[in-house]
There are 2 protein chains.
Amino acid sequence: MSISSVLPSQTSGASLQAKSLIQEAGERPTLSRQVVLEILLNTPRALTHTEIASAAAEAGNALDRVTLYRVLDWLIDKELAHKIASEDRVWRFNALSRDAQNSSSTHEHAHFQCKYCGQLYCLDELRPAFAFTLPPGFQCEHAELTLRGRCPDCQD
Amino acid sequence: MSISSVLPSQTSGASLQAKSLIQEAGERPTLSRQVVLEILLNTPRALTHTEIASAAAEAGNALDRVTLYRVLDWLIDKELAHKIASEDRVWRFNALSRDAQNSSSTHEHAHFQCKYCGQLYCLDELRPAFAFTLPPGFQCEHAELTLRGRCPDCQD
DNA sequence: AGGTGAACTGCTACACTGTTGCATATGTCT
DNA sequence: AGACATATGCAACAGTGTAGCAGTTCACCT
Ligand SMILES: [Mn+2]
Ligand SMILES: [Mn+2]
Ligand SMILES: [Zn+2]
Ligand SMILES: [Zn+2]
């Protein structure tokens, strides 16, 4: 599956958006960071490390595997991105919307992962809110909700 | 952290329970399978592959790493156990209660994982039931709810 | 402009989790 | 007991992510 299929052709506007988001955070807008953040901003779903590496290479900005891990950690630390665990033991990364950054409950939202192709989407509008009672001694600080099923690409 | 601290001293009753559960499924009750299932039955939380290996070794029944992976897969296939993913990319395994096996919605229940020690518990009584609307083209087949917070062992 | 120092980057080597292939051992059934 | 299916153990490998360290780049200050 080609990554480029999910990536709109890159516009200088997107590049500027990535750069200015980094600059607004008061940080160095290095090429690696711009490239990675731009990829994340330009895709509607969360991408794996491998997918991001391929997308960067396709865009003519191949970067070292380890550097990519560090850039991603950095983006998360600056709250420009977040990562989601899934059953295949691979982290998937997505840009954090400005709204999500500003909300006090940082990016508390549900996710959807396709059982058939593995693609994972953030459901920004769906925030978990449950009523339950835990066994004594357990204190809940956070709830994670992942829906699994069939994505639009995998209709039969 | 010693595994034995969470494992009640093994009784012949527990051993018989593991053996008879396997036999009732019409399968070979090999020593490896009995040992592993007995460990899972005797612990109130889900255990990692490493924890199970240690527990088996402590019980005097050390078994090969790969064999353990295969025994666990086998137990899951026979619906005597299930495994839960978590953010540390390590599967955790727990015996399936008889009730859970018989319920048509096989083991649809929530989990709790401690942010501080990583221990993971099945919340058998807590079945996810949510009302939400997905974006068009997405079909939900399953919902996974994981609560994260502080477990009884990690109170400050 | 040019120098300086903090930081970012790339390379190598490694750790951890899990899988595959294959030879050997075990257990069930006749 | 013998035959056959299958379970086990060993070795080698794959995928994902991390640590250490040397070299480079960039923002800032003369
Ligand atoms: Mn998300
Ligand atoms: Mn469970
Ligand atoms: Zn799909
Ligand atoms: Zn804990």
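Chain letters run A, B, ... following the sequence lines, proteins first and then strands; every chain starts at 1.
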Mind listing the N/O atom pairs, protein and nucleotides 4-7 of chain C, below 3.5 Å?
{"from": "dA7(C)", "atom 1": "O4'", "to": "R28(A)", "atom 2": "NH2", "distance (Å)": "3.4"}

Problem - Flag, side chain of Q155(B) to backbone of G137(A), donor-acceptor distance under 3.5 Å - result: yes
Protein-nucleic acid N or O pairs under 3.5 Å, nucleotides 17-21 of chain C:
{"from": "dT17(C)", "atom 1": "O3'", "to": "R89(A)", "atom 2": "NH1", "distance (Å)": "3.3"}
{"from": "dG18(C)", "atom 1": "OP1", "to": "W91(B)", "atom 2": "N", "distance (Å)": "3.1"}
{"from": "dG18(C)", "atom 1": "OP2", "to": "Y69(B)", "atom 2": "OH", "distance (Å)": "3.1"}
{"from": "dG18(C)", "atom 1": "N7", "to": "R65(B)", "atom 2": "NH1", "distance (Å)": "3.2"}
{"from": "dG18(C)", "atom 1": "N7", "to": "R65(B)", "atom 2": "NH2", "distance (Å)": "3.4"}
{"from": "dG18(C)", "atom 1": "O6", "to": "R65(B)", "atom 2": "NH2", "distance (Å)": "3.0"}
{"from": "dG21(C)", "atom 1": "O6", "to": "R70(B)", "atom 2": "NH2", "distance (Å)": "3.4"}

Completion exercise
Residues at least two apart in sequence or cross-chain that pass side-chain contact (heavy atoms from CB on, under 4.5 Å) with Q23(A), listed by chain then number, are K19(A), P29(A)
Practice task
Would you indicate what T67(A) reaches in the nucleic acid, counting non-hydrogen atoms under 4.0 angstrom: base, sugar-phosphate, or nothing?
Solution key: base
Exercise for the section: Return no unless some side-chain N or O of T30(A) is found under 4.0 Å from OP1 or OP2 of dT9(C). Expected result: yes
Exercise for the section: Kindly work out whether a path of hydrophobic side-chain contacts (I/L/V/M/F/W/Y, heavy atoms less than 4.5 Å apart) joins L40(A) to L120(A). Expected result: no
Practice task
Tell me, please, which residues at least two apart from A56(A) pass side-chain contact (heavy atoms from CB on, under 4.5 Å).
Solution key: V35(A), I39(A), L63(A)
Exercise for the section: Look at the side-chain heavy atoms of Ile, Leu, Val, Met, Phe, Trp and Tyr, link any pair under 4.5 Å apart, and say whether L41(A) and L80(A) land in one connected group. Expected result: yes
Problem - Sidechain-backbone polar pair: R89(B) side chain, R89(A) backbone, donor-acceptor under 3.5 Å - result: yes
Completion exercise
F138(B) meets the side-chain contact (heavy atoms from CB on, under 4.5 Å) criterion, sequence neighbours left out, with F112(A), Y121(A), C151(A), P152(A), L134(B), P135(B)
Exercise for the section: Using the test side-chain contact (heavy atoms from CB on, under 4.5 Å), find all partners of R148(B) that sit at least two apart in sequence or belong to another chain. Expected result: H142(A), E144(A), E87(B), Q113(B), K115(B), T146(B)
